[in-house]
Amino acid sequence: MPELPEVETIIRGLQQQIVGQKIVRVKVNLPKIIRGDKERFAFLIEGASIEEVRRQGKIIIFNLSNGMSILVHLKLTGQLHCTLPEKPAIKHTHLVFDLSGGEELRYVDLRQFGYFLLTKTSEIFHLPQLSALGPDPLKISLDEFKGLISKRSGRIKSLLLNQSFLAGIGNIYADEILHLSGIHPLQPAHILSDPKVKRLHQAIREVLTKAIKYRGSSVSDYLDLAGQEGSYQRFHRVYQREGKPCLTCQAKIARLKIGNRSSCFCPNCQSYDHKKSL
DNA sequence: GCACATGTTGGTAA
DNA sequence: GTTACCAACATGTG
């Protein structure tokens, strides 16, 4: 479930708890999680210190003291846990870093879709995983956003999920953002009226900022570094609420498959634009 | 057991 | 470029 707010919560935890520590030892339980050179992965990072942790979109980047960087994508069910070594490893613990501070950083991933990718820090921006990402949804200006959206003819729901358009929004927040901005998920992007584009830009900031404040949404699996749930799911207005009354107008929340993803929305609150109103 | 659902994205084909 | 579909995988629900 980790989308931008969950990943942001995790990197803030990492910045507080593990930056500055040395990676003493690496245990790989499930090599397929490592992209690229599985054999040398542990060898190349043991002994290096973690100098910086940041994110780009949903990707977590660890910069190490030896000129290497680790990219981590949690995909659907990846989790990073920082715990004392005494704590028994839970099922699906695929990777363990022993840290000089005495704790362990563990990677747990039920569905095994996530990955760790080791690369030279100097080559990081040549990686397609990073270079293909669009701007950060919290940083893009309204004008920039207008420019991008006017060039896209696809359906707005799919566009919000497209990481090369904006990096970080996933299925939960796309549905919540569209509801807050009153836009139908099938709306073609380029014929949104100016006021709606402005509302959308605003809704993106509002939803993501508030979700970060509440440390993300724990729908089924997501937990933060300390194993704690987020609480933004309390504020979900449409996501996974098919058939329930809209919290704004009482109409029944509907669900559609759009681009193979389920989309929940209120047919009454969320309407289409035809680019006439300005 | 079966059918379908679940946070992501990468590859392929049209 | 867009779009649609299937793939990776484990588990839960009806």
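A, B, ... follow the sequence lines: proteins, then strands. Residue 1 opens every chain. Fair warning: this is a prediction, and the values are worked out from it, not measured in the lab.
In this pair, Tyr214(A) and Phe235(A) present their aromatic rings tilted. The plane angle is within the 30 to 60° band. Using bins of under 30°, 30° to 60° and over 60° for the plane-to-plane angle, the ring pair Tyr272(A)/His184(A) lands in the parallel bin. Ring-plane geometry between His201(A) and Phe145(A) is classed as tilted, the angle between the planes lying from 30 to 60 degrees on a 0 to 90 degree scale.
In this structure a side-chain-to-backbone donor-acceptor pair under 3.5 Å is present from Gln270(A) to Cys266(A). Gln21(A) contributes a side-chain N or O that, together with a main-chain N or O of Gly101(A), makes up a donor-acceptor pair within less than 3.5 Å. A donor-acceptor pair under 3.5 Å links the side-chain atoms of Lys196(A) to the main chain of Gly182(A), judged by distance alone.
If you take CG of Leu159(A) and P of dT8(B), they are 15 Å apart, rounded to a whole angstrom. Taking atom CG on Asn171(A) and atom P on dT9(B), their separation rounds to 11 Å, with Å as the unit. Computed from coordinates, the Asn162(A) CG to dT3(C) P distance equals 10 Å when rounded to whole Å. Arg111(A) has its CZ atom 12 Å from the C1' atom of dC4(B), to the nearest Å.
With dC6(C), dT8(B), dA4(C) as the candidates, the nucleotide lying closest to the side chain of Leu76(A) is dT8(B). Side chain of Arg255(A), nearest nucleotide from dA5(B), dA10(C), dT8(B): dA5(B). Of all nucleotides listed (dT3(C), dT8(B), dT6(B)), dT6(B) comes nearest to the side chain of Gln240(A). Closest to the Arg152(A) side chain, of the nucleotides dT8(B), dG1(C), dT6(B), is dG1(C).
If you check every strand for non-hydrogen atoms under 4.0 Å, Ser262(A) touches sugar and phosphate atoms only. Among the heavy atoms of the strands lying under 4.0 Å from Arg261(A) is at least one base atom, whether or not backbone atoms are also near. Counting non-hydrogen atoms under 4.0 angstrom, Lys32(A) reaches the backbone sugars and phosphates but no base.
Side-chain contact between Ile212(A) and Leu4(A) is present, with at least one heavy-atom pair separated by less than 4.5 Å. Here the side chains of Leu74(A) and Tyr107(A) are in contact, with some heavy-atom distance below 4.5 Å.
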Can you pull every protein N or O that's under 3.5 Å from an N or O on nucleotides 10-14 of chain B?
none

Each nucleotide N or O in nucleotides 11-14 of chain C that has a protein N or O under 3.5 Å away: list the pair and distance.
residue, atom, partner, partner atom, Å
dT11(C), OP1, Lys91(A), NZ, 3.2
dT11(C), OP1, His92(A), NE2, 2.9

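Using a 4.0 Å cut-off between charged side-chain N and carboxylate O, Lys157(A) and Asp175(A) make a salt bridge.
At dT3(C), none of the side-chain N or O atoms of Lys157(A) fall inside 4.0 Å of OP1 or OP2 (strictly under the cut-off).
Rounded to a whole angstrom, the distance from the P atom of dC6(C) to that of dA3(B) is 15 Å. Taking the C1' atom of each, dA8(C) and dG1(B) are spaced 24 Å apart, rounded to whole Å.
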